[in-house]
Amino acid sequence: MLTQNTAWVNVERAIDRLRAAGALTAVELLARPEAEIASLIRPAGYFNVKAVRLRAACRWWLAEAATAASQDTASLRRSLLAVHGIGPETADDILLYAFERPVFVVDAYTRRLFGRFGLPQHDAAYDLLRGWVEGVLGPDVPALGQLHARIVELCKNHCRPRPRCGECPLLATCPRLGVAAGD
DNA sequence: CTCCAGTCCA
DNA sequence: TGGACCGGAG
């Protein structure tokens, strides 16, 4: 939630501050005033809205986490999406990495990379693009996590808004072949 | 579509 | 110094 539209380096600072304040667990975070949480996560930006969202997520965790394991993935996703501040991408992050469910996380990086590779799916609605990747990889949790993580790394280092194709490991197979102009 | 917001870096 | 940052709600 802290990393929603926010650079990861700033998220790490916010997490460090929460940890230093002893507010990294759901119980501890909920025990503090919302204004204090907002102050602690200030480096991550959007701190007022994110403080509200973190509280909502912690309440969900305390109420639902115990029975989450027994729920099927579709039900668990609906439950997560009902939480204020958890949209499709955040829900799938939690499903894949926290609950180890076989889902693919679609993010801005995925759409940018797929678009540059000429895949028509890059514009598709969230669930369509997610389902397409899941169909290609199959219900393989490690593979789904690896692909998402590698897309993130690739797009942070090379496939940026202004492409840095020089050292890109995909240069040989990229349709753009280092045409580093525009997007 | 617009707002939310601090931080980094070319 | 302005764009960009692993989105989501109203």
Side-chain angles (χ1 to χ4, degrees), chain A residues 1-21 23 34-61 76-101 103-117 119 121-130 132-134 137 141-170 180-183:
Chain A
M1 303 189 84
L2 290 172
T3 198
Q4 288 167 358
N5 202 37
T6 299
W8 182 251
V9 60
N10 296 329
V11 176
E12 289 185 308
R13 279 202 197 85
I15 293 174
D16 286 342
R17 288 161 61 88
L18 286 171
R19 183 183 293 109
E34 188 181 293
E36 184 182 339
I37 298 304
S39 171
L40 289 169
I41 65 174
R42 169 173 276 268
Y46 308 120
F47 47 86
N48 287 317
V49 297
K50 286 178 177 176
V52 174
R53 293 177 184 182
L54 282 177
R55 298 184 63 101
C58 287
R59 273 185 255 111
W60 180 89
W61 175 260
L76 196 51
R77 174 182 284 108
R78 281 193 295 275
S79 176
L80 286 165
L81 288 174
V83 179
H84 175 91
I86 297 184
E89 183 179 338
T90 303
D92 287 334
D93 272 316
I94 296 170
L95 287 169
L96 176 61
Y97 292 111
F99 293 109
E100 301 185 332
R101 302 304 176 94
V103 304
F104 180 71
V105 179
V106 175
D107 54 23
Y109 289 155
T110 301
R111 294 183 183 279
R112 190 163 74 211
L113 180 67
F114 283 16
R116 287 177 177 164
F117 266 78
L119 300 180
Q121 294 91 344
H122 84 278
D123 264 49
Y126 184 94
D127 286 325
L128 286 177
L129 180 47
R130 174 174 67 80
W132 180 72
V133 176
E134 290 171 3
L137 289 189
V141 171
L144 289 160
Q146 285 292 313
L147 179 61
H148 174 241
R150 290 182 187 206
I151 289 174
V152 170
E153 282 305 302
L154 186 81
C155 288
K156 285 170 76 96
N157 297 322
H158 307 286
C159 210
R160 300 163 64 109
R162 297 295 183 84
R164 293 183 187 176
C165 303
E167 308 285 302
C168 182
L170 295 186
D183 67 5

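Convention: sequence-line order gives letters A, B, ...; per-chain numbering from 1. Values below: every heavy atom of this structure, side chains too, minus hydrogens, waters and symmetry copies.
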When you compare the protein's N or O atoms with those of nucleotides 8-10 of chain B, which come within less than 3.5 Å of each other, and at what distance?
residue	atom	partner	partner atom	Å
dC8(B)	OP1	Arg13(A)	NH2	2.8

Is [Y] close to [X] at the side-chain level, that is, under 4.5 Å between some pair of heavy atoms?
X	Y	answer
Ile151(A)	Phe114(A)	yes
Tyr126(A)	Arg111(A)	yes
Val141(A)	Arg101(A)	no

**OP:** Flag yes if more than 12 heavy atoms outside Glu100(A) fall under 6.0 Å of its CD atom; otherwise flag no.
**Re:** no
Length of the [atom1]-[atom2] vector between [X] and [N], whole Å:
X	N	atom1	atom2	value
Glu89(A)	dA9(C)	CD	C1'	15 Å
Arg42(A)	dA5(B)	CZ	P	9 Å
Asp16(A)	dT7(B)	CG	P	14 Å
Gln4(A)	dA5(B)	CD	P	13 Å
Tyr126(A)	dG7(C)	OH	P	11 Å
Asp107(A)	dG8(C)	CG	C1'	15 Å
Arg162(A)	dA4(C)	CZ	P	7 Å

Between the protein and nucleotides 1-4 of chain B, list every N/O to N/O distance that falls short of 3.5 Å.
none

Original post:
Mind checking what makes salt bridge (Lys or Arg N to Asp or Glu O under 4.0 Å) contact with Arg53(A), not counting sequence neighbours?
Top reply: none
**OP:** Answer with base, sugar-phosphate or nothing: what part of the nucleic acid does His148(A) contact at a heavy-atom distance below 4.0 Å?
**Re:** base
Original post:
Base, sugar-phosphate, or nothing: which does Lys50(A) touch, judged by heavy atoms less than 4.0 Å apart?
Top reply: nothing
Subject >> Stem list, DNA chain B (Watson-Crick or G-U pairing under 3.5 Å, at least 3 consecutive pairs) >> reply: B:1-4 with C:7-10, B:6-10 with C:1-5
Subject >> Ion pair Asp16(A)/Arg19(A), N-O distance below 4.0 Å >> reply: yes
Original post:
Does Arg77(A) come within less than 4.0 Å of Asp92(A), counting only side-chain N to carboxylate O?
Top reply: yes
**OP:** Could you tell me which residues satisfy side chain to side chain donor-acceptor pair (under 3.5 Å) with Thr90(A), sequence neighbours excluded, listed by chain and number?
**Re:** Gln4(A)
Subject >> Contacts of type side chain to side chain donor-acceptor pair (under 3.5 Å), residue Glu34(A), not counting sequence neighbours >> reply: none
Subject >> Residue met sooner reading DNA chain C from 5', once Val83(A) and Val105(A) are mapped to nucleotides >> reply: Val105(A)
**OP:** Pick out which of Gln146(A), His148(A), Glu153(A) makes a side-chain hydrogen bond (donor to acceptor under 3.5 Å, both in side chains) with Arg150(A).
**Re:** Gln146(A)
**OP:** Could you work out the separation of dG10(C) and dA5(B) based on their P atoms and round it to a whole Å?
**Re:** 14 Å
Original post:
Quick one: is dA5(B) close enough that its OP1 or OP2 comes under 4.0 Å of any side-chain N or O from Thr6(A)?
Top reply: no
